[in-house]
Amino acid sequence: MTEHTLIAGPSTPVALEPLLNRHLIGGAWTDSADGETFDRLSPSHGALVSRSARGGPAETEAAIAAARKAFDAGDWRFLPGKQRAALLLRVADLIDRNRERIARIEVLESGKPISQALGEIEGAADLWRYAAALARTVHGDSHNSLGPDMLGVVLKEPIGVVGIITPWNFPFLIVCQKLPFALAAGCTAVVKPSELTPSTTVILGELLMEAGLPPGVLNIVLGHGDPVGATLSSHPGVDMVSFTGSTAVGKRIVAAAAGTLKKVSLELGGKNPQVVFPDADLEAAADAIAFGVYFNAGECCNSGSRIIVHEDVAGDLVARVAALSRRVPFGDPLNPATQVGAIISDDHLSRIDGHVRAARDAGARVVIGGGVLAVPGLDGRFYAPTVIADVTPDMALAREEVFGPVLSVLTFRTEDEAIGLANDASYGLSAGVWSRDVHTCLDFARRVSAGTIWTNTWMDGFAEMPFGGMKESGQGRELGRYGLEEFLEVKTVQMRVARGRSLWVDNG
C-alpha cells in the first residue's frame, strides 16, 4: 500500500564485513564462556551486520565485580573533576572522528535513515562535552549557622556501580544520555545494549578505551534482557539502574530492584498529545505533526502520535498533514534522501499493523496509509505513513503506544476539554500546544502532566534541558544538571569544631 507515498529508492548494494562483538569486562574484550553468539540482520537490507557474544549470568556477574572493584579502589571516583572532564572531551573528539563509521552501523542495525543517524552521532558528541563541563562543577553545601562549635557539610558523592540498560530505537544517542553523566559523577558502569542494536555501544567502548578510561570503569555485556538485564536489576553489587525502554519492562525492573532497594531511573513510553487551537499557525503545526509522528518511523518515546485539534480547524489540519505525509520520503535508510526508514523487526511490524486494524474495526477512519509499505528493490520491513481520524478517547489507539508511523486524531470544543483529553492517559512524557496566544500556551504548560511541554514546536532538545516523564512514563531525569544529579548521593557531615561536648552521663 503506497497511497502515492514518496519512495526513496535503493542505494548502492550493502557490502560489509560483519562485526564480531565481544563483551568488555575489566578492561578486556572477552567471548562468552559457553561460546554462545547471536546474529543481527539489517531490517531494511537483510544483510548480516553483526555477530555478538551472548552473555549470561556469569558474564554479567564478572562485569559487576569489575565495576565494583574499580569503584571501591577509588582511582576514578576520587580523580579530580578536571581530569575526568579531560577524558570525556577526548571521547567526544573520537566520536566526531568516527561519526560516519558509527552512523553506518547504526543505520544497518536499526533501520533509521543515514542523515538522521549522522545528526544523532553529532548530538551525542555534544552530550559528552556538556557532561565534561559538569564534571568540574560537582559541589555540596556548608552550614555555618549550627552554633559556635559546629560546622555542617553536605557532600555529593557518586552513587556507585550503575547498570545502564538501553533500547534499540536510539542505541548510540541514549547510551550517551546516560553514560557520560555517570562517568562525570565518578560512577563506574555496566552497560547492556539491546540485542537488536549492540554494535555502536561496542564501538563506544573501544573509543573509551582509546581515550584512556581505566579498566573496569566501563563494562559492556551483550545479550538479552533475561538474564543480563534481570541480573543487573537484582544484583546487590549494583547501586543504581538506569533504563530506557517500555513501561512494561520498566515495571519489571522496579520489582526486581526492590529486593536490594537500589535506585532506579526510568525513561519509559509515551502517548504524547499535541493540542491545536483554532488560532494556531496550521502550516507550521502540520509540518511539526508530520515530523513528530514519522521521525524515526515513529519508533520514538517522544513521538507526537496523538493530536487533539479544535473542531473548527480539524478538517483543514488533517488534510494538510495527509498531504505532507505523501511527500515524506520513505525508503532505503542508506539513501541520503530518505527521511523514514525501516521498522526494527517483523514482530514489531505486525504489532503496528494490529493497532491500525483494531482502530479501523472500532470505527476510526484511515485517512492515509494503514498497511505495510513496499519499497522497490528492498525486501525490508516498512510501514506506510498512516493518519487515522474519528478516533474517540475510549479507543485503544487513543491510549496505547503504537511505536510506529501512525497518527491518531481526536477533536475538542473547549480548552478544558482539550486539557482533559491531553491528561487522559497513563503516560506523561511530553506534550505540545499550538496557539498564537501566549496565555493559552502558558495555561496549557501549567495544567498538563508531562515532563516536557513544547509550545509552537515539537521535539526540540538541548543538552542543558532535563528530560524525563511523569506517571507511567518514568521517574528521574536525564540531561541538564539534573542528569548529573541522578548519579550523585548526598552525605551529611557534622563536625564539632570546638573541644569537648556536653556530657550525657554524669560522672559525679
Side-chain angles (χ1 to χ4, degrees), residues 269-293 298 301-325 355-356 358-360 362-368 386-402 406-460 469-473:
K271 189 66 178 178
N272 311 295
Q274 294 195 66
V275 173
V276 184
F277 285 88
D279 65 336
D281 180 340
L282 295 186
E283 182 179 7
D287 183 79
I289 289 166
F291 164 66
V293 72
C301 57
N302 257 340
S303 174
S305 60
R306 181 168 62 116
I307 65 168
I308 302 168
V309 55
H310 195 276
E311 293 175 356
D312 291 351
V313 295
D316 187 358
L317 182 64
V318 169
R320 290 173 184 262
V321 173
L324 290 176
S325 300
H355 279 286
V356 173
R360 185 188 287 116
R365 175 172 56 92
V366 177
V367 177
I368 182 175
T386 300
V387 177
I388 303 181
D390 301 335
V391 177
T392 57
D394 59 305
M395 292 182 183
L397 194 70
R399 315 183 69 82
E400 297 178 7
E401 188 177 38
V402 175
V406 179
L407 179 69
S408 60
V409 183
L410 297 88
T411 60
F412 73 93
R413 170 54 57 185
T414 68
E415 181 175 346
D416 285 345
E417 182 185 4
I419 290 174
L421 287 171
N423 283 329
D424 185 24
S426 59
Y427 298 107
L429 187 59
S430 58
V433 57
W434 291 85
S435 173
R436 299 177 193 271
D437 188 333
V438 67
H439 302 289
T440 298
C441 293
L442 289 175
D443 185 56
F444 179 92
R446 296 184 68 176
R447 294 173 63 189
V448 170
S449 298
T452 296
I453 305 292
W454 284 291
T455 71
N456 296 311
T457 188
W458 188 257
M459 227 176 339
D460 292 327
M470 299 179 179
K471 298 190 282 188
E472 292 192 16
S473 287

Nearest 0.5 Å please: distance from the [atom1] atom of [X] over to the [atom2] atom of [Y].
{"X": "Leu410", "Y": "Met395", "atom1": "CG", "atom2": "CE", "result": "8.5 Å"}
{"X": "Asn423", "Y": "Lys471", "atom1": "CG", "atom2": "NZ", "result": "5.0 Å"}
{"X": "Phe277", "Y": "Ile308", "atom1": "CZ", "atom2": "CD1", "result": "9.5 Å"}
{"X": "Glu415", "Y": "His310", "atom1": "CD", "atom2": "NE2", "result": "10.0 Å"}
{"X": "Thr386", "Y": "Ile368", "atom1": "OG1", "atom2": "CD1", "result": "8.0 Å"}
{"X": "Trp458", "Y": "Asn302", "atom1": "CH2", "atom2": "CG", "result": "6.5 Å"}

Non-hydrogen side-chain atoms of [X] and [Y] separated by less than 4.5 Å:
{"X": "Val356", "Y": "Ile388", "answer": "yes"}
{"X": "Leu442", "Y": "Thr455", "answer": "no"}
{"X": "Val406", "Y": "His355", "answer": "no"}
{"X": "Leu317", "Y": "Ile307", "answer": "yes"}
{"X": "Val448", "Y": "Ile419", "answer": "yes"}
{"X": "Pro273", "Y": "Leu421", "answer": "no"}
{"X": "Thr440", "Y": "Asp279", "answer": "no"}

side-chain hydrogen bond (donor to acceptor under 3.5 Å, both in side chains) involving Asp312 - partner list, sequence neighbours excluded: Arg413
Can a donor-acceptor pair be found, under 3.5 Å and without considering hydrogens, that links the side chain of [X] to the backbone of [Y]?
{"X": "Ser408", "Y": "Ser305", "value": "yes"}
{"X": "Trp454", "Y": "Asp460", "value": "yes"}
{"X": "Arg399", "Y": "Lys271", "value": "no"}
{"X": "Asn272", "Y": "Cys301", "value": "yes"}
{"X": "Ser430", "Y": "Ile453", "value": "no"}

Taking all atoms of both residues into account, what is the closest heavy-atom pair of [X] and [Y], and its distance?
{"X": "Leu282", "Y": "Arg320", "result": "CB-NE, 3.8 Å"}
{"X": "Cys441", "Y": "Ser435", "result": "SG-O, 3.6 Å"}
{"X": "Gly269", "Y": "Ser473", "result": "O-OG, 2.6 Å"}
{"X": "Tyr427", "Y": "Glu472", "result": "CD2-O, 4.0 Å"}
{"X": "Val409", "Y": "Ala389", "result": "CB-CA, 4.0 Å"}
{"X": "Val391", "Y": "Ala398", "result": "CG1-CB, 3.8 Å"}

Of all pairs that satisfy salt bridge (charged side-chain N to carboxylate O under 4.0 Å, His left out), the ones with a partner from residues 387-396, not counting sequence neighbours: Arg365-Asp390
Electrostatic pair Arg447:Asp416 at N-O distance under 4.0 angstrom: yes
Stepwise side-chain contact (heavy atoms from CB on, under 4.5 Å) test for Glu311 and Phe412: CA-CA 6 Å; Glu311 293 175 356; Phe412 73 93; over 6 Å; no
side-chain contact (heavy atoms from CB on, under 4.5 Å) assessment of Ile289 paired with Val276: CA-CA 10 Å; Ile289 289 166; Val276 184; 4.3 Å; yes
Enclosure of Glu283 CD (heavy-atom neighbours >12, cutoff 6.0 Å): no
